[in-house]
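No experiment lies behind these values; they were computed from the predicted model shown. Letters A, B, ... are given to chains in the order of the sequence lines, protein chains preceding strands, and every chain is numbered from 1.
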Amino acid sequence: MLQFTDSLTGEKVEFTPRDPGKASVYWCGPTVYDDPHLGHARSTLAFDVLVRYLRWSGYEVCAVSNITDIDDKIINRAAAEGSSEPEVAGRYEASFIGQMDRLNVAHPDLRPRATEYVDRMVEVISDLVDRGMAYTTASGVYFDVDGLDDYGALVGRSVEDLREGAGARVEVDDDKGDPLDFALWKAAKPGEPTWDSPWGPGRPGWHIECVAMSLHLLGDGFDIHGGGDDLVFPHHENERAEALGCDRAFARHWIHNGMVQVDGEKMSKSLGNFTTLNDLLDTWDPRALRLLVLQTHYRRTMEVGSTTLDQSAAALARLDKFADRMAAADLPETGSDADVVDRFRSAMDEDLGSPQALAVIFDAVRDANRALDAEDDDTAAGLHAAAIELAGVLGLELGAAAAPARDVEDDAAAAEIDDLVDQRLTAKAAKDYGRADRIRDQLTARGIVLEDSARGTSWHRG
RNA sequence: GCACCGGUGCCCGAGUGGCCCAAGGGGACGGCCUGCAAAGCCGUAAAGCCGCGGGUUCAAAUCCCGCCCGGUGCUCCA
């Protein structure tokens, strides 16, 4: 039985879905104003694994993740580059999806866009106004935090506490009755995209889109709402306030993933330790990043850097070699080793313990290799099947065939290298090892690594 | 400043009262393989006590208090 930490209570809860056998999951997708970064990757991977695991566990899952395609930053970007908001949003939505595809992230069942939900947002806001939970000013419509008993419950702070912090740091907007109140609808400003509303032309505030979309697509009291830790406040707190302000049951459970650090520091553009995902995935196999993410528990802060990526790439290479070795061994067809599967399930059921789950897989790999060495093909087959199946549950496909295609080598250079490799083999056959080694050294100096095997010699760039 | 989260071997990182004299991965070392290597497989060592100082307990990496360090949040960043 799956248990996970519900960030609303901070306690582990047993997952008991609203509808038996079904799981409804919503997590916050990106605001598409720039290329995705490591943080997006980690968060998306975390929920990808959650969804995959729920499915594998037998749940019928409906997974929803949004695209926020209207927002201050998108407007600013469009203005800065002299293009339009839809153009900016479209470009970075495509960028996001493209990078997530490289990471083998399963597409959510539904991927709603904020701009497609403005009417429904207006409905939610109207409801809040009718119920006296929100008020109108010249600059827009604001949510009245005092109307809700447990505002601050998600972030674990009292209204007074939050107000103190807000008063200390935030410019209080004259229009707002309380510094904690937040905009549901922003009145139109020159040059900004606008939609019609009962309060005049304008655009939706933040937070509101996720409420409109999640409740519409998954229904009241859906199971799990997730996102990065940094969204807990104010984003998720405010979403919750909006839904509860309408007297509607919101997410039954909340799951938040930890942040990413680079070299022990906050990852940010200004620190210059920031690699775009795109560049990173050009340099490392996307599966190495997934493996790295899985090796850290999802709630913890994790370290990403060239060192840790290299380490994961090495581990991945071992898994690929394992898969290839077993595939070549012509093992009997068999199901996954039941004990390994059980241990994997125990690990994942315990707050999605992917690090331990991975340990189970690595143990199976070692044991399968040992079994194959001992010519115990039946044992090897069951362990191999389990390792492949369970890695798949985590979104990892193994084997050289699963690795991304390398850049096509320059034909002339490749032909020359092939020729040298042949010459070396000839020398070896003649037991002229001095010459064979000189050729190998020459190739090594060019960054070419040779691998001899019973089937001949292959080479790759080191 | 306030709040929350974290500090575990050379590195990444599990573990949150006894099953821990602490998983797994990387690296190191040794063996097998090889003409020798590389790759691969197997194995071994490595934390003198899990940031520092107190305390609770029969028992703590795990709970409490203080301190140091890192991160996140405090109006729009996953």
Student: For A:Glu375, look at atom CD and say whether over 12 heavy atoms of other residues, nucleotides or ligands are found less than 6.0 Å away.
Tutor: no
Student: With P as the reference atom in both, quote the distance from B:U34 to B:C11 in angstrom, rounded to an integer.
Tutor: 37 Å
Student: What residues, two or more places apart in sequence or in another chain, satisfy side chain to side chain donor-acceptor pair (under 3.5 Å) together with A:Asp144?
Tutor: none
Student: How far does the C1' atom of B:G25 sit from the matching atom of B:U8, given to the nearest Å?
Tutor: 15 Å
Student: Between B:C64 and B:C5, how many Å separate the two P atoms, rounded to a whole number?
Tutor: 10 Å
Student: Ignoring hydrogens and geometry beyond distance, is the side chain of A:Gln311 in donor-acceptor contact with the base of B:C11 at under 3.5 Å?
Tutor: yes
Student: Is a side-chain donor-acceptor pair under 3.5 Å present for A:Gln423 with A:Arg435?
Tutor: yes
Student: Please work out if A:Pro234 contacts a base, only the sugar-phosphate, or nothing of the nucleic acid, heavy-atom cut-off 4.0 Å.
Tutor: sugar-phosphate
Student: Between B:G24, B:A38, B:G73, which one does the side chain of A:Glu451 approach most closely?
Tutor: B:A38
Student: Taking any heavy-atom pair under 4.0 Å as a contact, classify A:His207: base, sugar-phosphate, or nothing.
Tutor: nothing
Student: Measure from the side-chain heavy atoms of A:Thr307 and tell me the nearest of B:C41, B:C11, B:G35.
Tutor: B:C11
Student: Please give me every residue in residues 382-401 of chain A whose heavy atoms get under 4.0 Å of an atom in RNA chain B, ordered by residue number.
Tutor: none
Student: Looking across every strand, which nucleic acid part, if any, lies under 4.0 Å from A:Asp432 by heavy atom: base, sugar-phosphate, or nothing?
Tutor: nothing
Student: In whole Å, measure the gap between the C1' atoms of B:A47 and B:C42 for me.
Tutor: 25 Å
Student: Could you write out each protein N or O paired with an N or O of nucleotides 30-34 of chain B at a distance under 3.5 Å?
Tutor:
none

Student: Passes side-chain hydrogen bond (donor to acceptor under 3.5 Å, both in side chains), A:Thr68 versus A:Glu209? Steps please.
Tutor: CA-CA 8 Å; A:Thr68 296; A:Glu209 81 276 22; 2.9 Å; yes
Student: Rounding to an integer number of angstrom, what distance separates B:C29 and B:G15 when you compare their C1' atoms?
Tutor: 27 Å
Student: Would you mind checking if A:Glu350 and A:Arg345 are paired as a salt bridge, meaning a charged N to carboxylate O distance below 4.0 Å?
Tutor: no
Student: What nucleotide, of B:G13, B:G70, B:A78, holds the atom closest to the side chain of A:Val260?
Tutor: B:A78
Student: Should the side chain of A:Arg440 and the base of B:A37 be counted as holding a donor-acceptor pair, with the cut-off at 3.5 Å?
Tutor: yes
Student: Give the nucleotide from the list B:G40, B:G43, B:G15 with an atom nearest to the side chain of A:Lys321.
Tutor: B:G40
Student: Which pairs, protein N/O on one side and nucleotides 2-7 of chain B N/O on the other, fall under 3.5 Å?
Tutor:
{"from": "B:G7", "atom 1": "OP1", "to": "A:Arg300", "atom 2": "NH2", "distance (Å)": "3.4"}

Student: Looking only at side chains, do A:Asp35 and A:Thr276 share a donor and an acceptor under 3.5 Å apart?
Tutor: no
Student: To the nearest 0.5 Å, what is the distance between CG (A:Leu45) and OG (A:Ser354)?
Tutor: 9.5 Å
Student: Taking only heavy atoms on the protein side, list every residue of residues 92-118 of chain A lying under 4.0 Å from any atom of RNA chain B, sorted numerically.
Tutor: none
Student: With respect to the side chain of A:Asp230, which nucleotide from B:G73, B:G43, B:G26 is positioned closest?
Tutor: B:G73
Student: Are A:Lys428 and A:Asp432 ion-paired here, with the side-chain N under 4.0 Å from a carboxylate O?
Tutor: no
Student: How are the rings of A:His235 and A:His207 set to each other: parallel, tilted or perpendicular (split at 30° and 60°)?
Tutor: tilted
Student: Just to be sure I understand the rule, does A:Gly258 reach a base, reach only the sugar-phosphate, or reach nothing, if contact means heavy atoms closer than 4.0 Å?
Tutor: base
Student: Of the nucleotides B:G40, B:A38, B:G26, which one has an atom closest to the side chain of A:Ala314?
Tutor: B:G26
Student: For residues A:Asn66 and A:Tyr26, is any side-chain donor paired with an opposing acceptor at under 3.5 Å?
Tutor: yes
Student: Among B:C41, B:G13, B:C42, which nucleotide has an atom closest to any side-chain atom of A:Met302?
Tutor: B:G13
Student: Between A:Tyr298 and A:Phe362, who's closer to the 5' end of RNA chain B by nearest nucleotide?
Tutor: A:Tyr298
Student: Applying a 4.0 Å non-hydrogen cut-off, can you work out what A:Asp373 is touching in the nucleic acid: base, sugar-phosphate, or nothing?
Tutor: sugar-phosphate
Student: Has A:Asp149 got more than 12 heavy atoms of other residues, nucleotides or ligands less than 6.0 Å from its CG?
Tutor: no
Student: Scan side-chain atoms only and decide if A:Arg287 and A:Asn104 contain a donor-acceptor pair under the 3.5 Å cut-off.
Tutor: no
Student: In terms of relative ring orientation, are A:Phe96 and A:His40 parallel, tilted or perpendicular, with 30° and 60° separating the classes?
Tutor: perpendicular
Student: Remember a base hit wins even if backbone is also touched, and classify A:Lys12 as base, sugar-phosphate or nothing at under 4.0 Å, heavy atoms.
Tutor: nothing
Student: Report yes if some heavy atom in the side chain of A:Thr5 is under 4.5 Å from a heavy atom in the side chain of A:Tyr298; otherwise report no.
Tutor: yes
Student: Looking for any heavy atom pair under 4.0 Å, which part of the strands does A:Asn238 touch: base, sugar-phosphate only, or nothing?
Tutor: nothing
Student: Would you indicate which nucleotide in B:A14, B:G25, B:G35 comes nearest to any side-chain atom of A:Arg424?
Tutor: B:G35
Student: Check the pair A:Asn278 / A:Leu281 against side chain to side chain contact (heavy atoms under 4.5 Å, CB included), numbers first and verdict last.
Tutor: CA-CA 5 Å; A:Asn278 205 354; A:Leu281 297 182; 5.7 Å; no
Student: Mind telling me whether A:Phe182 and A:Tyr151 have parallel, tilted or perpendicular rings, with 30° and 60° as the class edges?
Tutor: parallel
Student: State whether the distance check finds a donor on one side and an acceptor on the other, under 3.5 Å, for side chain A:Asn369 versus base B:G40.
Tutor: no
Student: So, for A:Leu390 and A:Val341, which heavy atoms are closest and what is the spacing to 0.1 Å?
Tutor: CD1-CA, 4.1 Å
Student: For the P atoms, the ones on B:A61 and on B:G48, what distance do you get once it is rounded to whole angstrom?
Tutor: 14 Å
Student: Dump the intermediate steps for side chain to side chain contact (heavy atoms under 4.5 Å, CB included) on A:His225 and A:Arg240, then the final yes or no.
Tutor: CA-CA 10 Å; A:His225 188 138; A:Arg240 187 167 175 272; over 6 Å; no
Student: Identify whether any heavy atom of A:Leu231 sits under 4.0 Å from a base atom; if not, whether one sits that close to sugar-phosphate; answer base, sugar-phosphate or nothing.
Tutor: sugar-phosphate
Student: Under 5.5 Å between ring centres and under 30° between planes: does that hold for A:Tyr433 against the base of B:G35?
Tutor: yes
Student: Any Lys/Arg nitrogen of A:Glu93 or A:Arg113 sitting under 4.0 Å from an Asp/Glu carboxylate oxygen of the other?
Tutor: yes
Student: Work out how far the P atom of B:C10 is from that of B:C50, and round it to whole angstrom.
Tutor: 14 Å
Student: Please map the stems of RNA chain B, keeping only stretches of three or more Watson-Crick or G-U wobble pairs with both distances under 3.5 angstrom.
Tutor: B:1-7 with B:68-74, B:10-12 with B:24-26, B:28-32 with B:40-44, B:51-55 with B:63-67
